[in-house]
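Have a look at the structure below before the remarks.
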Amino acid sequence: MRIEDAPIRIIASDASWIDPVAVEQLRQTAALEGIDAIVGLPDLHAGRGIAVGAAFWSRSHVHPHLVGSDIGCGMALWETETPLRKFRLDAADRKLRGLEEPWEGDHAACLAKAGLPASLMGDALGSIGGGNHFAEMLCIDSVCDDEAFASLGLDTARVHLMIHSGSRGLGAAILDEQLARRNVSPLKAGDDACAAYLARHDEAIGWAVLNREIIARRFFERLGMKGRRLLDICHNSVTADRGGWLHRKGAAPADHGPIVIPGSRGDLTYLVRPRPEHAEEALQSLAHGAGRKWSRSEARDKLRRRFTVAELERTRLGSRVICEDRELIYEEAPQAYKDIRQVVADLDRAGLITIVAALRPLITYKTRRA
DNA sequence: ATGTAC
């Protein structure tokens, strides 16, 4: 008996370029045991074996490697009390440093308060990490839905803070344990081994949420600011869904209230409200960002010839990028990413979102460490 | 992605 592969739906208009490598990766995962439905979002791009920007639903199994190593990675947004007219870019640039270095605070107390075991201690709590992670100050560029904006209690004059970070070494260790024990073979829902993984997974989620909270606190301390958290969403996770298990690999949830869909570091970020009507067709998932257009090595090769580091430290929107790692600033340049407008337009056209507002970057912090 | 493997 041949068991049919899971159906794959890709939500993207003809105007959106989707890497055939990423589509082939989805086909490979469609043939895995117990995978029943797959959705690719418009930011779909090739990953290391598993496509990023996708959701995988199974009625019977949990696949830790579909979640990946950065369990709990996500985006959080704060509204600060600071009006844009009082925000000084040069001063912020001078004061922001050290967010990639270990946090000197009371890790054990923070973990306990978050209901997490002290055994999850590690130097990384409160630090941004590498890759595409960042902390960014933004202002409101435009409001697209006045009613939705007002209902969130937002103020167009205020500066906002967005954090993209995850569970650092913790999530990686949890996936490594699984791979060492049973390679990529799936866990059968209900088995003790599955419950054990899910318990570890949930701890990594909690750790990642706490990590973003502490990074924001450190950021605010540096700048003498205060803020309230508006949202925190994970785009790498596996959760119980419609009697089965929903794996999100670089996919934002459509069932956790408003979300942010960030562009590249030189582009707008969109605050959107998920629409429930067609959410199930997209496995309750949305794009988590612009998505890569070029691989890291392609970006380095192409952009080193065209731009100096100094040029990439200023963006076309007038914002600044603090990234003293000169390899990373090329890898993460806006040119290496797809057009966020197209990604958001595709979700809008599919009836999956209402665009609430666009946010414009002021300063993006990645690392001071060369 | 990563208290990274080469």
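Just so it is clear, the values below take in all heavy atoms, side chains as well, and ignore hydrogens, waters and symmetry mates. In the text below, chain A, chain B and the rest are named by the order of the sequence lines, each starting its count at 1.
Taking every heavy atom of both residues into account, D43(A) and K338(A) meet most closely at C-NZ, 3.9 Å. Looking at every heavy atom in both residues, D36(A) comes nearest to A6(A) through C-CB, 3.5 Å. Here the shortest heavy-atom pairing between N132(A) and H164(A) reads O-ND1, 3.2 Å. In plain terms, the two heavy atoms of P361(A) and R265(A) that are nearest each other are CG-O, 4.1 Å.
For the pair I128(A) CD1 and dA1(B) C1', the interatomic distance rounds to 15 Å; values are reported in whole Å. For F134(A) and dA1(B), the CZ to C1' distance is 15 Å, given to the nearest whole Å. Rounded to a whole Å, the CG atom of D176(A) is 16 Å from the P atom of dA1(B). Between the CG atom of D70(A) and the C1' atom of dT4(B) there is a distance of 13 Å, given to the nearest Å. Rounded to an integer number of Å, the gap from E327(A) CD to dT4(B) P is 18 Å. The nearest whole Å value for the distance from the NE2 atom in H65(A) to the P atom in dA1(B) is 18 Å. Whole-Å rounding puts the R296(A) CZ to dA1(B) C1' distance at 9 Å. The CG atom of N211(A) sits 15 Å away from the P atom of dA1(B) (whole-angstrom rounding).
No contact: G47(A) has no heavy atom under 4.0 Å from any strand. Here R48(A) lies in heavy-atom contact (under 4.0 Å) with a base. Heavy atoms of G131(A) sit under 4.0 angstrom from primed sugar atoms or phosphate atoms, though from no base atom.
Residue R168(A) has no polar side-chain atom (N or O) positioned under 4.0 Å from OP1 or OP2 of dT4(B). Residue H164(A) places no side-chain N or O under 4.0 Å from the OP1 or OP2 atom of dA1(B).
No side-chain heavy atom of D241(A) sits less than 4.5 Å from a side-chain heavy atom of L283(A).
Near DNA chain B, defined here as any heavy-atom distance below 4.0 Å, there are no residues from residues 99-124 of chain A.
Using a 3.5 Å distance cut-off with no hydrogens or angles, the side chains of E100(A) and Y365(A) do pair a donor with an acceptor. With 3.5 Å as the limit, one finds no donor-acceptor pair spanning the side chains of T367(A) and D325(A).
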